[in-house]
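Heads up: the structure comes next, in structure tokens.
What you are looking at is a predicted structure, and each value in this text was computed from that prediction instead of being measured. FYI, the numbering just counts along the sequence from 1.
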Amino acid sequence: MRDSRSAAAALVTALLAGCATAPTQDPAPRYSQDIDGAPARVDIDVLAVPDAIPRHEPRATRGNPPFYEVDGQRYFVMGSGSGHVERGIASWYGTKFHGRTTSSGEPYDMFAMTAAHRNLPLPSFAKVTNLQNGRSIVVRINDRGPFAHNRIVDLSYAAAVRLGIVGEGTGLVELRVLDPDRPEGPVVPEDPVGPPPRLFVQVGAFASRDNAERVVERLYAAQLYNVELTPHEFGTPLWRVRAGPLADVEEVDAVAQKISDAGFPEARVVIE
């Protein structure tokens with residue numbers, strides 16, 4: 001959930017009006033709490049909330065600057081999300097932001113199938129699959145975030161319930177942008193679940209094995225021992241340095257912090 005979002009919110013540039021900045025209008029939210037979370041009472045069947053329906057929409061006039069900054073970190077907005085696929089950790093946000101203005105200028109409805117992404121154009125539509133239980137949903141991305149490290153998408157409360165990640169607060173997901181002209185057909189409630197996903201924190205991929213080995217030595221010096229050096233073909237031969245496999249998101253966060261402290265703040269989460 002967005003435990004650190006309020007601290008980041010005041011720092012987004014004025015071009016990115018919305019949830020990452022103080023809203024221009026803040027209609028009295030149905031739920032008001034200092035700490036984000038699930039509502040105390042739910043009057044609808046959240047599991048029955050329908051998926052978003054991909055359709056052509058004009059690019060939002062708000063929330064789509066070429067770039068913006070949060071906590072000194074610059075984020076670039078993609079010109080198009082067509083074909084975009086990524087795997088990573090999903091979080092969710094709920095009562096604290098319910099009724100407040102999103103980055104696209106719309107009110108946030110935690111009971112709608114929406115999500116926040118740092119880089120995709122607003123709005124975009126994406127299929128999000130929980131890699132641990134096989135559930136899939138379709139969301140409309142109309143907000144910016146999450147700004148916590150190692151998270152790729154912030155789901156609405158309803159979307160998180162549908163995916164089964166509310167209790168844990170996070171989940172391992174695949175996000176796939178949908179093209180309204182090429183619908184994938186209905187999303188089934190449960191897809192076949194494959195082997196358990198494996199979690200790594202990748203420090204980098206290097207053309208020189210000597211450079212990769214020097215990185216491994218620096219990680220050992222920082223008392224990071226579960227580090228592997230493996231060859232990887234990506235057009236040209238590369239040497240990949242990463243820590244793992246890791247047990248869960250909590251261990252990912254701890255290891256990623258140690259790697260950052262060792263001088264590698266750009267390390268990223270990899271799910272296989």
Side-chain angles (χ1 to χ4, degrees), residues 1-2 5 8-9 12 16-21 23 25-27 29-31 36-39 42-64 75 77-78 81 84 86 88-130 135-148 151-166 169-171 173-180 183-184 187 189:
M1 294 183 296
R2 296 194 170 190
R5 181 153 180 171
V12 184
L16 190 68
C19 71
T21 60
Q25 282 188 323
D26 191 358
R30 181 177 174 187
Y31 306 98
D36 200 9
V42 178
D43 299 325
I44 65 170
D45 181 359
V46 181
L47 289 174
V49 174
D51 287 328
I53 299 175
R55 61 183 182 274
H56 290 287
E57 293 189 46
R59 199 176 178 98
T61 57
R62 298 172 60 178
N64 284 309
Y75 301 94
V77 176
M78 299 164 61
H84 181 77
E86 61 182 314
I89 300 170
S91 51
W92 64 274
Y93 61 127
T95 56
K96 185 175 181 180
F97 301 94
H98 185 67
R100 298 192 179 188
T101 308
T102 64
S103 296
S104 62
E106 304 166 357
Y108 170 59
D109 181 356
M110 66 180 176
F111 298 113
M113 295 295 286
T114 62
H117 193 278
R118 292 188 294 267
N119 310 104
L120 285 170
L122 303 182
S124 294
F125 293 87
K127 177 181 179 180
V128 183
T129 301
N130 185 331
R135 297 180 189 175
S136 293
I137 57 173
V138 175
V139 295
R140 180 174 177 269
I141 297 170
N142 67 344
D143 205 359
R144 290 289 172 224
F147 298 112
R151 308 292 188 261
I152 66 166
V153 64
D154 223 355
L155 300 169
S156 69
Y157 169 71
V161 169
R162 290 272 314 275
L163 274 191
I165 70 168
V166 165
T170 58
V173 302
E174 178 183 271
L175 182 149
R176 184 178 296 270
V177 172
L178 299 179
D179 183 344
E184 292 191 342
V187 177

Say you draw a straight line from OG1 of Thr102 to CZ of Arg144; how long is it, rounded to the nearest 0.5 Å? 10.0 Å
Taking the side chain as every heavy atom from C-beta outward, state whether His117 and Leu175 have any pair of such atoms under 4.5 Å apart. yes
Which pair of heavy atoms, one from Ala160 and one from Leu155, lies closest together, and at what distance? N-CB, 4.2 Å
Side-chain contact test, heavy atoms from C-beta onward, threshold under 4.5 Å: evaluate it for His84 versus Asn119 and give yes or no. no
Please give me the minimum heavy-atom distance between Pro121 and Val77, naming the atom from each residue. CA-CG1, 4.4 Å
Where is the tightest heavy-atom contact between Leu120 and Gly81, given as atom of each residue plus distance? CD2-CA, 3.8 Å
So, does Tyr108 use its side chain to make a donor-acceptor pair with the main chain of Tyr93 at under 3.5 Å? yes
Non-hydrogen side-chain atoms of Asp143 and Leu122 separated by less than 4.5 Å: no
Taking only residues two or more places apart in sequence or in another chain, which ones pass salt bridge (charged side-chain N to carboxylate O under 4.0 Å, His left out) with Glu86? none
Where the side chain of Ser156 meets the backbone of Ala112, is there a donor-acceptor pair that is under 3.5 Å apart? yes
Check whether Asn142 reaches the backbone of Pro123 with its side chain - one donor and one acceptor, N or O, closer than 3.5 Å. no
Are Ile137 and Arg135 packed together at the side-chain level, in the sense that at least one heavy-atom pair is separated by less than 4.5 angstrom? no
Value for CZ (Arg59) from OG (Ser124), rounded to nearest 0.5 Å, stands at 8.0 Å
Under a 4.5 Å cut-off applied to non-hydrogen side-chain atoms, are Arg62 and Glu106 in contact? no
I'd like to check the salt bridge (charged side-chain N to carboxylate O under 4.0 Å, His left out) partners of Glu174; sequence neighbours left out, ordered by chain and number. Arg87, Arg176
Arg55 and Phe125: which non-hydrogen atoms are nearest, and at how many Å? O-CE1, 3.4 Å
To check you understand the geometry: which heavy-atom pair defines the closest contact between Pro146 and Ser91, and what is its length? CB-OG, 3.9 Å
I'd like to check Met110 versus Pro39 (side-chain heavy atoms, cut-off strictly below 4.5 Å). Are they in contact? yes
Kindly give the heavy-atom pair with the smallest separation between Ala38 and Tyr157, and that separation in Å. CB-CE1, 3.6 Å
Given side chains that start at C-beta, do those of Arg162 and Asp51 come closer than 4.5 Å, heavy atoms only? yes
Using side chain to side chain contact (heavy atoms under 4.5 Å, CB included), reason through Ile89 and Val173 one step at a time and then give a plain yes or no. CA-CA 6 Å; Ile89 300 170; Val173 302; over 6 Å; no
Are side-chain heavy atoms of Trp92 and Val161 found at a separation under 4.5 Å? no
Any pair counted as salt bridge (charged side-chain N to carboxylate O under 4.0 Å, His left out), so long as it reaches residues 107-124, sequence neighbours left out: none
